[in-house]
Every structure is written in C-alpha cells, then in structure tokens.
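Below is one structure, written out as structure tokens; the observations come after it.
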Amino acid sequence: MSQSVSLTFPDGSVRAFDAGTTGRDVAESISKSLAKKAVAVSINGTVQDLADPVATGSIEIVTRTDPRALELIRHDAAHVMAEAVQELWPGTQVTIGPVIENGFYYDFKRVHPDTREDWPFTPEDLPRIEARMKEIVARNKPFTKEVWPREKARNVFADMGEGYKVELVDAIPEDQDVKIYYQGDWFDLCRGPHMASTGQIGTAFKLMKVAGAYWRGDSNNAMLTRIYGTAWASQEELDQYLHVLAEAEKRDHRKLGREMDLYHFQEEGPGVVFWHGKGWRMFQTLTAYMRRRLAGTYEEVNAPQVLDKSLWETSGHWGWYKENMFAVKSAHAFVHPDDEEADQRVFALKPMNCPGHVQIFKHGLKSYRELPIRLAEFGLVHRYEPSGALHGLMRVRGFTQDDAHIFCTDEQMAAECLRINELILSVYKDFGFEEITIKLSTRPDKRVGTDELWDRAESVMTDVLKTIQSQSNNIKTGILPGEGAFYGPKFEYTLKDAIGREWQCGTTQVDFNLPERFGAFYIDQNSEKRQPVMIHRAICGSMERFLGILIENFAGHMPLWFAPLQVVVATITSDADDYGREVAEALREAGMIVETDFRNEKINYKIREHSVTKVPVIIVCGKKEAEERSVNIRRLGSQAQTSMKLEDAVASLAHEATPPDILRRLEAKKAAA
C-alpha cells in the first residue's frame, strides 16, 4: 500500500492524499474552477510550485488575488523581462533578478555586437522591452522546473557565454539543488517558486528606470546595467502606484526645499544640513511646539556632544554600533602622537542621547518618591550613513532627536506607556495625521535580560496595546515578532501621509540594559537599592526627517501656523505702498511673519513668484483697498479672492496662525471663565 500525506485545510478539515500528489492535483480535487485560479500552493506556511508534491501539514491554495501571489507576479515578471532582453539583444548576459519592494529588477551585461564594448541600456530601450514582455505573457508558456547536476549547469551556462551564471552555480552550497526554471524554451537558474505560466503575470507592469550596478555590489567588479520594474495584480493597482509616484515626485522635499529656500547640502558637509533662514525658522517652530507639549511633565536637559569612548563601551554602543559612530581625537594628538602630555584618548560624537541621560539620572541619590523622572532633550546626534544612503532630510548624518527617557518603577511602566501614547497621538493629530498604526516589537533572538524580565515587559505592553486599541477606532495595531531592540520590547508608531505613504516615526522602548550597565538605582520604600525601568521615547524621531515628511505631506502648502513665511503684502501700484506698510505692521503686531513686495512689477507676476515659494497667504492692496481700509486675500493654490476689512482680516489670520496647542489652551481658559 502506497504511503499517503495528510493535509489540513483552512476550514479545519483533514484529508489524506497519495504520496506524490501535487498542489495542482489537490486544487483539482476541490474544484476545476479553483484549479484554474490557482497560481501556487502554501504548505505549512511556505509557498511552493503547484507542480511540486505536497507534504503532510497545513495547506492553502494560493490564487492570483491572494496577497502572497504579488511576489510571484513580480518574480515571474523579472524572468519575462530577462527573456525579452535576450530575444531583442542576443548575447546579453543575464545575472540576478530579485523581487524588491513594489517591484523587481534584473542586472544585465550587454556589449555592442560590432565594437564589443560595454553597451549599457538606456531609458529609450524600456518601451521596446515592455512591448516584448507583453508578447511573452500572451504566449502563456508554462513555468517548469528541472534539477540539474552541478557540472551540467556549469557547462551549459559556460557554452552559452553566461559567465556570471557560472559564478552563481559555483556559489550554490553543495547540499542544495541546482534548480532551472523554463518558460517555454527560455530558462534561467532560480530557486523559485513560480506561478504556473507566464499568462498569469497579467499586463499590469511597467519598467521604471535603468541604473548602473556593480556585479555583486563590489566596486572592484564589472559594471552592469540594472533595469527596474514594477508589477501589480491589477491595472487599477498599477495606476494607483504610478499616481502615488507622480505625486511623490511633485512633493519631493528636496525639490520643495530649493523652491522655498529652506536649506541645502554640499560636498564639504555630506549628510549635514545647511539651514537657511526660512528653514531654520520652521525648525525652531517645530522645536518650540514640542517644548510646549512637554512643559510641566518633562525636564529638558542637555548632555555633551563628545564623550570618552569608555562610556560608549560601558553602554554597549561601541560593541554593537561603532561602525555607525564618528570617533575623534584632538588635532594636537594627531600632530604629536608621541607627546606624553597630550590627551591621546579616543572620543565619540554621540549617536544617541540615552547614555548621557543615565548619567544625569545617576547624579545624586534618587528616591522612589521622585519617580517617574522624565528627562527630555533636543539632542544633536551624529551617525555614519553610507554616501549612497543619504537622502535629503530623510537620511542624514547629523540630526536632532526629540528624545526623552523616563526612569520609573516597574509598577509605573504601564501608566507611563499610556501617557506617552496619548502625547504621541496628540502631536500627530496637530499636524493632521490621524491614521496611525502601532506595532509591538517583541524579543529578538539576540538580546540581554532574563526571560522573566522580557515576559513582564511584553505582558505590560500587550495590555497597553489592547487599551490603546479600545480607545480609538483610527488606530491599527499589530505585532512584529522578534523585531524588538536587544535591550527590550518596543512600540513603533507609523503614520500615513496625504498620498497614502507610511512613515515610521515615534517609538516607545523599554530598556533593562542601560540602567544595569551603568549601575543606576533608586532607593525604594524599604531603603533598598532598586534598578529603575528606563523607557526611551521619541515622537518625531529625527526632527529633520519629520520636517521632510511634513513638507511632502503638505506638498509645501504648510498650515499657516507652521509656515516659515506666513503672509506677503503686495501692492498693485505705488499709491498703495503706505497702506501696504500699515497692513504689514498690523499683521506683525498680531504675531505673524510678514514680508512686503512693493516692487514695480505686475501684480500677477508677484503672485506667481510667491506661489512658487509656497507663501500661504498673499494680501493684495491697491488704491481702492487703501481708501476702503480693506484687503484682498489670495490663498496658495486658489484663484479665488476674498475681500475683508483690515481689522477682520488681521483677527482671522492671527487666529489661524496660532499653533493648535495654544488655541486649545486659550479655548479652555475661555470655557472656564
């Protein structure tokens, strides 16, 4: 009697099948229509080819509309792109082609057939490749898998002139099969899995760009051409993705930063920001807002920028993080390395604020009656990022953390996490972000602290997450298993912007490690030394990055209270200049940031120019307005004009220019009066 396999289906039912039964056989045993829709099968959570024999365990039939099919669609599209390239330009070598976020790429080596020199692909080649890809998809050839002996694979690819494939075959561990996937007559080395046929890819794909890429990422190796593409399950999803990309390009904070004259970068200071007047004003507005939100509950402190390496060794950062740190010595020590009186110590620019805050907590004896102690700092930190990773304000080497650390008892931990959550959500709401996802990252494999400590912290944070979820319908929650910091579990706050992109910003992290390493303690009610719980908290995370997110979220159309220049008063003729000065002064007295434009230019020219720099409000004054003591208000992005009496306009704009936290305070006072 032949052996059988036992399969458990999603509805809990269990069925036995003959050994050697494939995923396609199982799908057909359920229904012919399901078999037609199937693109793969999942066995015990691992997606595999429909043609593979199934093993005992749980089974799910993966159809094309299943989210898990998206990676297969992109993987198969990459193979089809490679086939299209080789059909169009025979002799082009195919290297690697993985799935990446939102798409795929393949690296190619093409040489000119006449000169035999490198012949990189260009954007002009992409429409032709795309058209051939659609032809290949329409052929609907099946994907089939073969397992070859290693020597056969080496010889076949060597005979084809595919030197890079030979290298890849040699790199496959001896205990792993050499798998070859065919789509019709074309084949490639691949681990799989793939869908059943090229037709299942569909036509919702687009080639996006070309770029240079070194073989295996090593600058000592040959330069290849990388072609990027994106693929989706439906045309609607592709269109939406392309729309978001187009919107993101319009909103790019680097482009808007230039137009608004906010900041710049230059080669002499890679990854550090040169803030211009308007940009620094915006930065200070954010800092002032955050300071007001912390007032009364946090004590703002400031720890040194440069500290001896030994402190970072104690904290563990030198061991865990030194490749991302900047180390320094005095210039004298470099010039006179043998000078015994010179300070030869190695110092480090701080990459984070936490060790400094532990030192401040430790200075002086602390009683349980003083806890929780909340220390906040707008601390400038420096971290080494590779040049290729730098990206405007979003990825820099020098940035400001709106960092805080709460030192509390174990019993206070839940209440502090809830208090932090309330503050974080309130800040995000003030900037218009209301769709928030909070995920709990649990213990990683590599960690410090006992399992008992982790059990306690994760239990508390799980209960906190449930409480948060019960308090708001707009909050989504989730678990990230194994993604916690090495020193404790954490909450990660992700916000969704105006075009649907998600940005991870805030964090709340429980830490057992640093207080123990530095010997931090407080005196409990029994006059015994106790180690405090340390909670790391950030809201913006990086202030620079948060500003970049805000610029892109609002497409430069900043809320009036947050705009670096709030109003421009522009006159139509010189007859109105004196009145224009009066208007500007009235607005300044009401607390607004105002500039005037009395140039001898047409008013439409002035309006266009200030619209480019994203000034939220342009007030137009002419002879008529001067006589009537009125103003004409034009809003950024609108052709409409609103005429108002001067005093009404000043009052209305002053109210709009008041930060939301101050407005709440004023309204609360008014309600209490």
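Position 1 is the first residue of the sequence; numbering continues from there. Just so we're clear, the structure is a prediction, and the values are computed from it rather than from any experiment.
- Residues W215 and E167 bring a donor and an acceptor atom of their side chains to less than 3.5 Å of each other.
- Looking at F157 and L168, their side chains never come closer than 4.5 Å, going by heavy atoms from C-beta outward.
- Other residues, nucleotides and ligands place more than 12 heavy atoms under 6.0 Å from the CG atom of D175.
- Distance check: R15 CZ to T8 OG1 gives 12.0 Å after rounding to the nearest 0.5 Å.
- At least one donor-acceptor pair under 3.5 Å links the side chain of S29 to the backbone N or O of V26.
- Taking the side chain as every heavy atom from C-beta outward, L88 and D125 never approach each other to under 4.5 Å.
- Donor-acceptor pairing under 3.5 Å is lacking for the side chains of T230 and N102.
- Residues T22 and D25 bring a donor and an acceptor atom of their side chains to less than 3.5 Å of each other.
- With a 4.5 Å cut-off on side-chain heavy atoms, H536 and Y487 count as touching.
- With hydrogens and angles left out, the side-chain atoms of T477 and Q469 include a donor and acceptor closer than 3.5 Å.
- With F104 as the aromatic partner, R74 does not meet the cation-pi criteria of under 6.0 angstrom to the ring centre and within 45 degrees of the ring axis.
- Judged purely by atom type and a 3.5 angstrom limit, N44 uses its side chain to pair as donor or acceptor with the backbone of S58.
- Nearest heavy-atom pair, A158 versus V166, reported as atom, atom and distance to 0.1 Å: N-CG2, 3.7 Å.
- The side-chain contact (heavy atoms from CB on, under 4.5 Å) with H75 is formed by just one residue from the set V80, L70, V99; it is V99.
- Between the CG atom in L224 and the OG1 atom in T92 there is a gap of 11.5 Å [rounded to 0.5 Å].
- Under a 3.5 Å cut-off, the side chain of R110 and the backbone N or O of P120 do form a donor-acceptor pair.
- Put simply, the side chain of E71 never gets that close to the backbone of I73: no donor and acceptor are under 3.5 Å apart.
- Counting heavy atoms of neighbouring residues, nucleotides and ligands inside a 6.0 Å radius, atom NZ of K141 does not exceed 12 of them.
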Steps toward side chain to side chain contact (heavy atoms under 4.5 Å, CB included) verdict (F205, V137): CA-CA 11 Å; F205 58 79; V137 167; 4.1 Å; yes
Step by step, would you call E174 with R150 a salt bridge (charged side-chain N to carboxylate O under 4.0 Å, His left out)? CA-CA 9 Å; E174 290 292 334; R150 190 174 302 268; 3.7 Å; yes
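- Taking T462 as the reference, L440, K466 meet the side-chain contact (heavy atoms from CB on, under 4.5 Å) condition, with sequence neighbours excluded.
- Remark: K165 NZ is packed, more than 12 non-hydrogen atoms of other residues, nucleotides or ligands lying under 6.0 Å away.
- Looking at V39 and L50, their side chains never come closer than 4.5 Å, going by heavy atoms from C-beta outward.
- Classified by interplanar angle (parallel below 30°, tilted 30° to 60°, perpendicular above 60°), the ring pair W454/F512 is perpendicular.
- We find the OG1-CD1 distance between T508 and I535 to be 8.0 Å, quoted to the nearest 0.5 Å.
- T63 places no side-chain N or O within 3.5 Å of a backbone atom of A38 that could act as its donor or acceptor partner.
- Between the CD atom in Q183 and the OG atom in S197 there is a gap of 10.5 Å [rounded to 0.5 Å].
- Every residue two or more places apart in sequence or in another chain that forms a side-chain contact (heavy atoms from CB on, under 4.5 Å) with N155 is listed here: E151.
- Side-chain atoms of R64 come within 3.5 Å of backbone atoms of Q200 as a donor-acceptor pair (strictly under, hydrogens ignored).
- More than 12 heavy atoms of other residues, nucleotides or ligands lie within 6.0 Å of CD in E87, so this atom counts as buried by the packing criterion.
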Full working for side chain to side chain contact (heavy atoms under 4.5 Å, CB included) between F108 and V94: CA-CA 5 Å; F108 300 97; V94 174; 4.0 Å; yes
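- Annotation: cation-pi geometry satisfied between K209 and Y228 (NZ/CZ under 6.0 angstrom from ring centroid, within 45° of ring axis).
- Looking at T203 and M133, their side chains never come closer than 4.5 Å, going by heavy atoms from C-beta outward.
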Intermediate values then yes/no, side chain to side chain contact (heavy atoms under 4.5 Å, CB included), M413 and D410: CA-CA 5 Å; M413 183 165 57; D410 183 85; 4.2 Å; yes
If you apply the rule salt bridge (charged side-chain N to carboxylate O under 4.0 Å, His left out), what do you find for D66 with R68, and how did you get there? CA-CA 5 Å; D66 189 302; R68 289 169 292 187; 2.9 Å; yes
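- Between R443 and D455, some side-chain heavy-atom pair lies under the 4.5 Å cut-off.
- More than 12 heavy atoms of other residues, nucleotides or ligands lie within 6.0 Å of CD in E313, so this atom counts as buried by the packing criterion.
- Put simply, the side chain of C354 reaches to within 4.5 Å of the side chain of L514, judged on heavy atoms.
- Annotation for Q176: atom CD counts as buried by contact number, over 12 foreign heavy atoms lying within 6.0 Å.
- To the nearest 0.5 Å, the span separating CZ on R537 from CG on D403 amounts to 7.5 Å.
- More than 12 heavy atoms of other residues, nucleotides or ligands shown are found within 6.0 angstrom of CD on E135.
- Heavy atoms of other residues, nucleotides or ligands lying less than 6.0 angstrom from CG of D170 number more than 12.
- Counting only heavy atoms from C-beta outward, the side chains of W186 and H79 approach each other to under 4.5 Å.
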Test side chain to side chain contact (heavy atoms under 4.5 Å, CB included) on I406 and Q412; report intermediate values, then the result. CA-CA 10 Å; I406 295 91; Q412 293 168 332; over 6 Å; no
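- Below 30°, between 30° and 60°, or above 60°: for W89 and F121 the angle between ring planes is above 60°, a perpendicular geometry.
- N220 and Y214 are not linked by any side-chain donor-acceptor pair at a separation below 3.5 angstrom, with hydrogens and angles left out of the test.
- Of the inter-residue distances, the one linking T65 atom OG1 with K37 atom NZ reads 7.5 Å to the nearest 0.5 angstrom.
- D49 places no side-chain N or O within 3.5 Å of a backbone atom of A51 that could act as its donor or acceptor partner.
- Without hydrogens or angle criteria, Q531 side chain to P515 main chain gives no donor-acceptor distance under 3.5 Å.
- Using modelled atom types, one side-chain atom of S315 and one backbone atom of H317 make a donor-acceptor pair closer than 3.5 Å.
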